[in-house]
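When reading the values below, keep in mind they use all heavy atoms of this one structure, side chains included, and skip hydrogens, waters and symmetry mates. Residue numbers begin at 1 in each chain, while the letters A, B, ... track the order of the sequences.
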2 protein chains.
Amino acid sequence: MIEKILAADLPVRDEQPAGRDGTRSLSVTDRLREAILRGETSPGARLNEVRLSQMLDVSRTPVRAALQVLAGEGLLDYQPNRGYVVRQFPLSEIVDAYDIRGQLEGLATRFAAERGFNAEEREIIEQSLRDGDALLDKGHFVDGDLSRYRAINGNFHETILGAAKNRMLSEMIRICHHVPASSSRNIIAFEFRDVRRRHDDHHRIYETILAGEPWRAELQMREHVAGVKSSLVQQLRQRGAAGEAADDE
Amino acid sequence: MIEKILAADLPVRDEQPAGRDGTRSLSVTDRLREAILRGETSPGARLNEVRLSQMLDVSRTPVRAALQVLAGEGLLDYQPNRGYVVRQFPLSEIVDAYDIRGQLEGLATRFAAERGFNAEEREIIEQSLRDGDALLDKGHFVDGDLSRYRAINGNFHETILGAAKNRMLSEMIRICHHVPASSSRNIIAFEFRDVRRRHDDHHRIYETILAGEPWRAELQMREHVAGVKSSLVQQLRQRGAAGEAADDE
DNA sequence: GTCAAGCAAAATGTATACACTTAGGCCACT
DNA sequence: AGTGGCCTAAGTGTATACATTTTGCTTGAC
């Protein structure tokens, strides 16, 4: 239930002492998106504007703005005069999202390889590889290592994506990330040996890029994402998720 | 200038006698999107909410709703407290959009081939092939044929996309279509023999799907889109468009 | 003459009142 | 009893007033 989560937190108004970065609309958007991506909404549930505005202690205006944006991102369905409902993501759609993300990130990798990296990008990637090596050299994970590797993993992928210098590509991959359990930051569902194998993929991809073989790097990245998909599907099946995405937390 | 185009048309309010399908917000959204896609906005121009609302004879509320939606679609850039500006699409980005669209439509074709078509879909596709044949058999185009073929072309691609039964894929391709000159409906820039070659591609792709070879169909579709890209780039170069998309009307 | 600070105008963000549409139940009629 | 239309309540759509932020322009000091 979305009510609980939103009510548990502080109200949006005066959330940041100095009324920091943005507008109430942006705060509300982030809050709602987070709640939806976490699966804290019953799928198909109607989102009542007045209830939401009361929970968040704002007027309907920023709530409506947030809903419109989230509908644009594909997280909500909109019908005129009937409001917004939370979309549901069946397993088949998650699998498809991985296929698409594999194609797109492969393309991004090729573009990045063709353009080459600047010093800063090279540094971030190499740092992510070193950090991952350090984490994995222990041979097992201790508490917090998994979320630490999640950040490392994100740095690697985002840097390559940024080096592709292609805004449309970035936005499309961003859409893929909005499908629950399809984000590259989602590595919760995997075991140590899966993570090690995928980190090794990162090494190989980077080496191929440095070797000046964009086309091979594209294929490697696509295969890398396909591997993630396989592991996730296996995990979801083991959990007995019968067609619905399991909650990863 | 966006002012001229919007002012030239009738106001949104009471546009449809019986207040037909939707809300004012939707009408405004469509109008603005059309204007932007047609290139009737100076790229990078700031869109003033009060001016727009005066031109369209509505309040700021539906205008803001439209701007938020269009920003979500990637047509506008948004900065908090600073408003919305029209994004510009350099030639390189258009080319990239075609690369992406090729990958995506290829994937959609494979999915469609794997699932197979139902009777209705089969009929629409075969009709589009027959219609195209009839139009092209004359050996040349007369006035209006081009826009007629645009509709035929759209039917073919949209039916395959629909048969892929993958909403995320559909939405991503939709984003590609929002890049000016990257839409599959945009066939204005091509000559008769280009259209004939591409219509022949349609025949081949459909035959491959019927032959039960999804993987080959994927490659054919990707190549098909790549061909369109080549023709467009050639056209734009001939027109002397120095890095900007030419106005296709 | 240049730069900085402050002020005023304009533009965006928010709240709220009101209009319109939809949904659901009640009652009458068949 | 079932069905149809009306009627009311709830919810979304729109307009507008007000708050806040930005902008650029003036004015003053250096």
Side-chain angles (χ1 to χ4, degrees), chain A residues 2-3 6 10-32 41-42 44-72 75-87, chain B residues 2-3 6 10-32 41-42 44-72 75-87:
Chain A
I2 195 170
E3 287 85 5
L6 293 173
L10 295 169
V12 171
R13 195 186 295 232
D14 295 336
E15 191 169 72
Q16 293 127 341
R20 257 289 298 115
D21 72 326
T23 66
R24 293 211 226 294
S25 299
L26 294 177
S27 301
V28 173
T29 304
D30 288 341
R31 288 274 294 277
L32 288 178
T41 58
S42 14
R46 281 188 128 69
L47 296 181
N48 186 308
E49 294 177 4
V50 294
R51 282 234 308 277
L52 287 176
S53 62
Q54 287 167 357
M55 289 173 205
L56 298 167
D57 190 32
V58 295
S59 78
R60 275 177 59 211
T61 306
V63 171
R64 283 177 65 80
L67 293 175
Q68 281 155 355
V69 169
L70 294 175
L75 288 172
L76 302 175
D77 264 324
Y78 169 70
Q79 282 184 294
N81 291 312
R82 297 241 227 112
Y84 299 84
V85 300
V86 181
R87 278 185 56 187
Chain B
I2 194 169
E3 286 86 3
L6 293 173
L10 294 170
V12 170
R13 194 187 296 233
D14 293 337
E15 191 170 72
Q16 294 127 339
R20 256 295 298 116
D21 74 323
T23 66
R24 292 209 227 293
S25 299
L26 295 177
S27 301
V28 172
T29 304
D30 288 341
R31 289 274 294 276
L32 288 178
T41 57
S42 16
R46 280 186 129 70
L47 296 181
N48 186 309
E49 294 177 4
V50 294
R51 280 234 307 278
L52 286 176
S53 63
Q54 286 167 356
M55 289 174 208
L56 298 168
D57 191 32
V58 295
S59 78
R60 277 176 57 210
T61 307
V63 171
R64 283 177 64 82
L67 294 175
Q68 281 155 354
V69 169
L70 294 175
L75 287 172
L76 301 176
D77 264 325
Y78 169 70
Q79 283 185 292
N81 291 313
R82 300 241 225 108
Y84 299 83
V85 300
V86 180
R87 278 184 56 186

Measure the CZ-CG distance between A:R24 and A:L56 for me, rounded to the nearest 0.5 Å.
11.5 Å

Hey, can you pull the residues of residues 61-70 of chain A with a non-hydrogen atom under 4.0 angstrom from DNA chain C?
A:T61, A:P62

Can you check whether A:T23 has a side-chain N or O nearer than 4.0 Å to OP1 or OP2 of C:dT12?
no

Below 4.5 Å, heavy atoms only, C-beta onward: do B:L75 and B:R87 meet side chain to side chain?
no

Polar pairs (N or O, both sides) under 3.5 Å between protein and nucleotides 23-25 of chain D?
unit_1: D:dT23; atom_1: OP1; unit_2: B:R82; atom_2: NE; d: 3.3

With a 4.5 Å limit on heavy-atom distance, are the side chains of B:L52 and B:L32 in contact?
yes

Mind checking whether A:L47 and A:V85 have side chains closer than 4.5 Å, heavy atoms only?
no

A:Y78 near the nucleic acid: base, sugar-phosphate alone, or nothing, with a heavy-atom cut-off under 4.0 Å?
sugar-phosphate

Pairwise distance CG(A:N48) to CZ(A:R60) - rounded to 0.5 angstrom
9.0 Å

Tell me the interatomic distance from B:L26, atom CG, to D:dG13, atom C1', rounded to whole angstroms.
10 Å

side-chain contact (heavy atoms from CB on, under 4.5 Å) against A:T29, all qualifying residues, sequence neighbours excluded
A:R33, A:A66, A:V69, A:L70

On DNA chain D, nearest-nucleotide positions of A:R60 versus B:R60: which is more 5'?
A:R60

To the nearest angstrom, the CG-P distance between A:L56 and C:dT14 comes to 13 Å

Spacing of A:E49 atom CD relative to D:dT14 atom C1', expressed in whole Å:
12 Å

For A:N48 and C:dA23, what is the distance between atoms CG and C1' respectively, to the nearest whole Å?
13 Å

Nearest 0.5 angstrom please: B:R46 CZ to B:R51 CZ, how far?
12.0 Å

Nearest to the side chain of B:S59, which nucleotide is it out of D:dA15, C:dA11, C:dG13?
D:dA15

Report the distance from atom OH of B:Y84 to atom P of C:dG13, rounded to the nearest whole Å.
6 Å

Atom-to-atom span, CZ of A:R24 to C1' of C:dT14 - whole angstrom
7 Å

Check whether any side-chain N or O of A:R64 sits under 3.5 Å from a backbone N or O of A:S59 as a donor-acceptor pair, and report yes or no.
no

Sub-4.5 Å side-chain heavy-atom contact between A:Q68 and A:Y84
yes

